[in-house]
Amino acid sequence: MEWTEVDWDTERWTVPAAKMKTGWDHVVPLSRQALAILTSVQKLTGHRRYAFSCSRDTPLSNNTLNKRLRLLGIDTKTEHCAHGFRTTFSTLSHHEEIKDAKAWDGDVVELQLAHLDNSTVEGLYKKYGPLALIGSRTKLMQHWADRIDHWLDPKRVIPIKGGAQGNVGNHYGAALQPATKSSRMSGYNFGDGSIG
């Protein structure tokens, strides 16, 4: 992410076509939480080209998130990898229901993931451009950020009986407890009846 790609007024990040597999610009609505993180990070790297960079002003490598997961003891080949966060977002967004009705239209989810291989989604993009269904996509991204906040609320996280092996991912004050070593990314009880 380059700082010039962030539009603070519209609260959006536009990934230029040259960086996208699709070859088209991709607009990402920024949730309140994402904006708060970017505001904090800007104090550290705002004078640089890249928002998330280390000592040199170069973008993080594709493997940076996987390395962090491995440092947390997560096997990125058999348990969970960085790309898995996109898969989790997709699966949960596609299957979420509110009062027995689908919460999110599939086209909204697919547009947000820049999956333009579906003819309907590609048609929407070609007709409306990178802002296709932006209102619904903005609501989806805010909902997703709120959902993560809900999961990370330490008052709501309940260790699964007999499986607590110590705190994992306590960076943001969360005390997520793995159910077992082999189900580390899929054995969290989030206190709302869901196990992620």
Side-chain angles (χ1 to χ4, degrees), residues 1-93 109-116 125 129-132 134 137-154 167-176 178 184-185 188 196:
M1 170 188 275
E2 296 183 36
W3 285 115
T4 57
E5 298 167 355
V6 177
D7 185 330
W8 296 96
D9 295 330
T10 62
E11 301 178 343
R12 296 178 185 146
W13 166 33
T14 300
V15 184
K19 292 183 179 181
M20 296 296 299
K21 283 191 245 180
T22 62
W24 295 331
D25 286 350
H26 180 59
V27 175
V28 180
L30 299 170
S31 65
R32 290 184 308 275
Q33 295 89 331
L35 289 164
I37 291 168
L38 288 174
T39 299
S40 294
V41 170
Q42 190 178 38
K43 294 172 187 168
L44 302 171
T45 65
H47 62 286
R48 298 180 183 174
R49 178 178 176 184
Y50 295 100
F52 300 99
S53 58
C54 296
S55 57
R56 296 173 307 206
D57 192 16
T58 57
L60 299 177
S61 77
N62 291 336
N63 199 34
T64 301
L65 290 176
N66 281 334
K67 183 176 180 181
R68 287 299 299 156
L69 290 171
R70 287 190 295 275
L71 289 172
L72 290 170
I74 297 165
D75 186 329
T76 56
K77 294 197 186 314
T78 62
E79 294 180 297
H80 192 77
C81 66
H83 191 78
F85 291 110
R86 285 176 55 91
T87 303
T88 300
F89 169 82
S90 177
T91 301
L92 294 179
S93 298
V109 177
E110 294 304 307
L111 275 166
Q112 193 50 54
L113 289 166
H115 289 169
L116 304 182
Y125 192 93
L131 296 179
I134 197 66
R137 289 169 44 210
T138 300
K139 290 175 185 171
L140 172 62
M141 296 307 289
Q142 185 57 58
H143 174 78
W144 183 253
D146 291 342
R147 183 179 214 179
I148 292 170
D149 276 354
H150 176 79
W151 289 340
L152 294 179
D153 180 350
N167 290 348
V168 175
N170 205 17
H171 182 72
Y172 293 104
L176 299 179
R184 192 166 304 211
M185 289 308 290
Y188 296 99

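One is the number of the first residue; the rest follow in order along the sequence. The shown structure was predicted, so the numbers you read here are calculated from the model rather than taken from an experiment.
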Is the shortest heavy-atom distance from the side chain of Y125 to the side chain of P130 under 4.5 Å?
yes

Run the side chain to side chain contact (heavy atoms under 4.5 Å, CB included) check on T76 and K67 step by step: do they pass?
CA-CA 8 Å; T76 56; K67 183 176 180 181; over 6 Å; no

Determine whether a donor-acceptor pair (N or O, by modelled atom type, separation under 3.5 Å) exists between the side chain of R137 and the backbone of P29.
no

Under the 3.5 angstrom rule, does the side chain of N66 hit a backbone N or O of C81 as a donor-acceptor pair?
no

Quick one: CZ on R147 to OG on S31, what's the gap to the nearest 0.5 Å?
14.5 Å

4.5 Å side-chain heavy-atom contact, F52 and L38
yes

Can you name the residues that form a side-chain contact (heavy atoms from CB on, under 4.5 Å) with D57, not counting sequence neighbours?
R48, R49, Y50, S53

Taking D25 for the side chain and P16 for the main chain, is one N or O donor matched with an acceptor at less than 3.5 Å?
no

Residue list, side chain to side chain donor-acceptor pair (under 3.5 Å) with S40, at least two apart or on another chain
none

If you round to the nearest 0.5 Å, how far is CG of L152 from NE2 of H150?
10.5 Å

Heavy-atom distance under 4.5 Å between the side chains of L71 and R68, does that happen here?
yes

Please determine whether side chain to side chain contact (heavy atoms under 4.5 Å, CB included) holds for the pair W8 and T39, giving the CA-CA distance in whole Å, both sets of side-chain angles, and the decisive distance to 0.1 Å.
CA-CA 10 Å; W8 296 96; T39 299; 3.7 Å; yes

What distance do L35 atom CG and R32 atom CZ have between them, rounded to the nearest 0.5 Å?
9.5 Å

Considering all heavy atoms of both residues, which atom of S93 and which atom of L140 are nearest to each other, and what is their separation?
OG-CD1, 3.8 Å

Might you work through the side chain to side chain contact (heavy atoms under 4.5 Å, CB included) test for I148 and F89, ending with a clear yes or no?
CA-CA 10 Å; I148 292 170; F89 169 82; over 6 Å; no

V27 and its side chain to side chain contact (heavy atoms under 4.5 Å, CB included) partner, picked from I134, D7, T138:
I134

Tell me, which pairs form a side-chain hydrogen bond (donor to acceptor under 3.5 Å, both in side chains) where one or both residues lie in residues 13-24, sequence neighbours left out?
E2-K19, E5-W13, E5-K19

Roughly how far, to the nearest 0.5 Å, is the CD atom of E79 from the CZ atom of R70?
12.0 Å

Kindly determine whether T87 and S90 satisfy side-chain hydrogen bond (donor to acceptor under 3.5 Å, both in side chains), including the steps that lead there.
CA-CA 5 Å; T87 303; S90 177; over 6 Å; no

Please report the closest heavy-atom contact between L113 and R86, naming both atoms and the distance.
O-NH2, 2.8 Å

Taking L131's backbone N and O only, do any of them form a donor-acceptor pair with R12's side chain (distance below 3.5 Å, no angle check)?
no

Would you confirm whether T91, through its side chain, and T88, through its main-chain N or O, come within 3.5 Å as a donor-acceptor pair?
no

Taking W3 for its side chain and T45 for its backbone only, find out whether a donor-acceptor pair lies under 3.5 Å.
yes

Give the intermediate values and the outcome of side chain to side chain contact (heavy atoms under 4.5 Å, CB included) for residues Q42 and V6.
CA-CA 11 Å; Q42 190 178 38; V6 177; over 6 Å; no

